[in-house]
Amino acid sequence: MQVVYNKESLTGNIVYIKQLTKYADITTAYPDYQLQDAIYEIKVKPKDMNKAKSILVNANVILK
C-alpha cells in the first residue's frame with residue numbers, strides 16, 4: 001500500500017474487509033461520497049510495524 005500524504009510504500013496483509021452501513025462513519029457535514037455508494041472498512045496489518053508507526057490514524061492509502 002502507498003500512503004497518500006507522504007508517498008511512503010508499505011507491505012502488509014489484509015486482515016478483514018467489512019462493508020459499513022449506509023450512514024456509518026460520516027465524520028463531516030459534506031462527505032466525499034454519495035449516499036448510494038458502498039463504503040468499506042479494510043484492516044491491513046503492515047509487515048514492518050516500526051515503519052507504520054508514523055502513519056496518521058485514518059490516513060488515506062492506495063492498495064496495490
Side-chain angles (χ1 to χ4, degrees):
M1 68 182 168
Q2 180 180 13
V3 182
V4 174
Y5 68 89
N6 66 0
K7 307 289 190 242
E8 184 175 3
S9 292
L10 301 164
T11 58
N13 296 319
I14 295 176
V15 176
Y16 70 82
I17 300 174
K18 177 174 74 171
Q19 184 174 8
L20 299 177
T21 57
K22 272 195 183 273
Y23 297 103
D25 203 27
I26 297 176
T27 57
T28 65
Y30 302 101
D32 294 338
Y33 50 85
Q34 302 298 319
L35 289 178
Q36 68 270 16
D37 291 346
I39 303 167
Y40 295 91
E41 177 180 76
I42 302 172
K43 183 174 182 178
V44 179
K45 182 177 180 183
K47 289 185 179 179
D48 185 1
M49 292 301 284
N50 291 327
K51 197 173 180 184
K53 285 183 181 180
S54 63
I55 297 175
L56 299 174
V57 175
N58 291 332
N60 289 332
V61 297
I62 299 171
L63 297 177
K64 295 182 176 185

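Everything numeric in this text was worked out from a predicted model, so none of it was measured.
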Under a side-chain separation threshold of 4.5 Å, the hydrophobic residues clustered together with Ile62 are Val4
Using the salt bridge (charged side-chain N to carboxylate O under 4.0 Å, His left out) rule, collect all pairs that involve residues 11-21, keeping only residues at least two apart or in two chains.
-> Lys18-Glu41
How long is the gap from CG on Leu63 to CE on Met1, to the nearest 0.5 Å?
-> 7.5 Å
Under the side chain to side chain donor-acceptor pair (under 3.5 Å) test, residues paired with Asn6 that sit two or more places apart = Glu8
Set of side chain to side chain donor-acceptor pair (under 3.5 Å) partners for Lys7, sequence neighbours left out | none
Joining Ile, Leu, Val, Met, Phe, Trp and Tyr whenever any side-chain heavy atoms lie under 4.5 Å apart, the cluster holding Tyr16 also takes in Val15
Donor-acceptor list for residues 42-56 side chains, cut-off 3.5 Å, not counting sequence neighbours:
unit_1	atom_1	unit_2	atom_2	d
Asp48	OD1	Asn50	N	3.3
Lys51	NZ	Ser9	O	3.1

